[in-house]
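Structure record follows, encoded as structure tokens.
We're numbering straight along the sequence, starting at 1.
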Amino acid sequence: MAVSTWPDISHLSVSRPELINVLRQMGQQVTWPQKMKAPDSFRNPGFWCDFHQDHSHKTEDCVALKIEDRVIHVISGGSEISGISHAAAKKSTWNAKHGLEAVKPKRQLLGTDEINLTAKEQEKVLTPHHDALVISLSVANCLVKRILVDNGSSGNIIFQAAYKDLGLEGSALTQRITQLIGFSGKVKQTAGEVTLPVYAEGINMSTKFLVVDCDSSYNMILERPWIHGMGAVPSTLHQMVKFPTPWGIKAIRGDQEYSRSCYQTTLKGKTKVL
């Protein structure tokens, strides 16, 4: 059986009623269903659904809520996602399909050079491998190592220990609580949000992070918001992330030693994260 390189989230769990509470905290991001149209004679008055706010069935057995739960992907959360409800996701998908949404990029991507990844660039890569892409960057004027680049999730993450090591003032943290929802609807609550300058090869981009208070073999995880904002192309195979700059295409190489060290730490069960 293959061993996952994802952080362990098995210690977190959430029931259907708890998921309802999470949805309520998200306010207007959630589109709630209408009252059920079935006549009272077809309903069980002894069962109550918190999702429909009506009698008929138990919250735990609500089919509509299970559909909503499927819309939540790993790791979701943060203000960058389009919405958590099935209806909001459908609307966003329809708009994207018909070209109705035009989001202004976080920075103007200059130059017309194409981003290519070649076999020659694999010469310095230790092969064969299945290593994650782990890099080092200057964040808030500090060199931060063990940064995982992951294009599978929708919110940049900085772990509490790394946040403290940066020596930031408490006032820099916005007390906005976000529910990160992982595999099978399991939930982790963030400690807040913080916007930090991330410097990469001449590009200094203000980047929003979700602050998570749990152990991790990584200091940060740069997700789709940073990747898309930079116009970057990450490759675990080439152990490299490339992105456009006014001075041409720049590249940052991954550190396989750090990547394998983080992987081994996770395998030994020394970290319990998201």
**Complete:** Note: with side-chain heavy atoms under 4.5 Å as the link, the other cluster members for Leu237 come out as none
**Message:** If you count heavy atoms of other groups shown closer than 6.0 angstrom to CG of Asn44, is the number above 12?
**Reply:** yes
**Item:** Considering all heavy atoms, the nearest Gly231-Pro244 contact
**Value:** O-CD, 3.3 Å
**Fill in**
Sorted by chain and number, sequence neighbours left out, salt bridge (charged side-chain N to carboxylate O under 4.0 Å, His left out) with Lys164 holds for none
**Request:** Please examine the side chains of Gln239 and Gln256, heavy atoms only from C-beta on, and report whether any two atoms are closer than 4.5 Å.
**Result:** yes
**Distance in Å, Ile252 CD1 paired with Ile135 CD1, rounded so as to fall on 0.5 Å steps** = 5.0 Å
**Request:** Could you tell me the separation between the CZ atom of Phe159 and the OG atom of Ser216, rounded to the nearest 0.5 Å?
**Result:** 3.5 Å
**Request:** Decide yes or no on side-chain contact (heavy atoms from CB on, under 4.5 Å) for Phe209 and Thr207, but give the supporting numbers first.
**Result:** CA-CA 6 Å; Phe209 289 89; Thr207 304; 3.9 Å; yes
**Prompt:** Got a donor-acceptor contact below 3.5 angstrom from the Thr127 side chain to the His129 backbone?
**Reply:** no
**Message:** To the nearest 0.5 Å, what is the distance between CZ on Phe47 and NE2 on His57?
**Reply:** 10.5 Å
**Prompt:** salt bridge (charged side-chain N to carboxylate O under 4.0 Å, His left out) with Arg260: which residues, sequence neighbours excluded?
**Reply:** Asp131
**Item:** Contacts of Asp54 that satisfy salt bridge (charged side-chain N to carboxylate O under 4.0 Å, His left out) - sequence neighbours left out
**Value:** Arg43
**Message:** Which residue in the set Val241, Val144, Val149, Leu222 passes side chain to side chain contact (heavy atoms under 4.5 Å, CB included) when paired with Leu137?
**Reply:** Leu222
**Item:** Remaining members of hydrophobic cluster (4.5 Å side-chain criterion), Trp48
**Value:** none
**Asked** Could you walk me through whether Asp150 and Trp226 pass the side-chain contact (heavy atoms from CB on, under 4.5 Å) check?
**Response** CA-CA 10 Å; Asp150 170 33; Trp226 182 83; over 6 Å; no
**Request:** Using side-chain contact (heavy atoms from CB on, under 4.5 Å) as the criterion, list what pairs up with Ala162, not counting sequence neighbours.
**Result:** Ile158, Asn219
**Prompt:** Can you check side-chain contact (heavy atoms from CB on, under 4.5 Å) on Glu193 and Leu210, steps first, answer last?
**Reply:** CA-CA 5 Å; Glu193 294 181 356; Leu210 304 176; 3.8 Å; yes
**Asked** Run the side-chain contact (heavy atoms from CB on, under 4.5 Å) check on Ser261 and Arg146 step by step: do they pass?
**Response** CA-CA 10 Å; Ser261 174; Arg146 297 177 183 264; 3.4 Å; yes
**Complete:** Residue set satisfying side-chain contact (heavy atoms from CB on, under 4.5 Å) with Ser138, at least two apart, ordered chain then number -> Tyr199
**Message:** Taking the side chain as everything from C-beta on, heavy atoms only, tell me whether Val134 gets closer than 4.5 Å to Tyr218.
**Reply:** yes
**Request:** Among Ile, Leu, Val, Met, Phe, Trp and Tyr joined by side-chain contacts under 4.5 Å, find the other residues sharing a cluster with Val233 and list them by chain and number.
**Result:** Ile115, Leu117, Met240, Ile249
**Prompt:** Taking all atoms of both residues into account, what is the closest heavy-atom pair of Trp247 and Glu201, and its distance?
**Reply:** CZ3-O, 3.9 Å
**Asked** Can you name the residues that form a side-chain contact (heavy atoms from CB on, under 4.5 Å) with Glu257, not counting sequence neighbours?
**Response** Asp255
**Message:** Show me the pairs that pass salt bridge (charged side-chain N to carboxylate O under 4.0 Å, His left out) and involve residues 227-249, at least two apart or across chains.
**Reply:** Glu121-Lys242
**Item:** Set of side chain to side chain donor-acceptor pair (under 3.5 Å) partners for Ser235, sequence neighbours left out
**Value:** His238
**Prompt:** For Lys145, what residues pass the side-chain contact (heavy atoms from CB on, under 4.5 Å) criterion, not counting sequence neighbours?
**Reply:** Ser136, Leu143, Tyr258
**Asked** If you take all heavy atoms of Ser217 and Cys262, which pair is closest and at what distance?
**Response** O-SG, 3.2 Å
**Request:** Working to the nearest 0.5 Å, report the span between CG of Asn151 and CD1 of Ile227.
**Result:** 5.0 Å
**Fill in**
Between Ala191 and Leu173, the two heavy atoms sitting closest are O-CD2, 3.8 Å
**Prompt:** How long is the gap from OG on Ser206 to CG on Leu196, to the nearest 0.5 Å?
**Reply:** 9.0 Å
**Common cluster, Met220/Ile203, ILVMFWY with side-chain heavy-atom separation under 4.5 Å** = yes
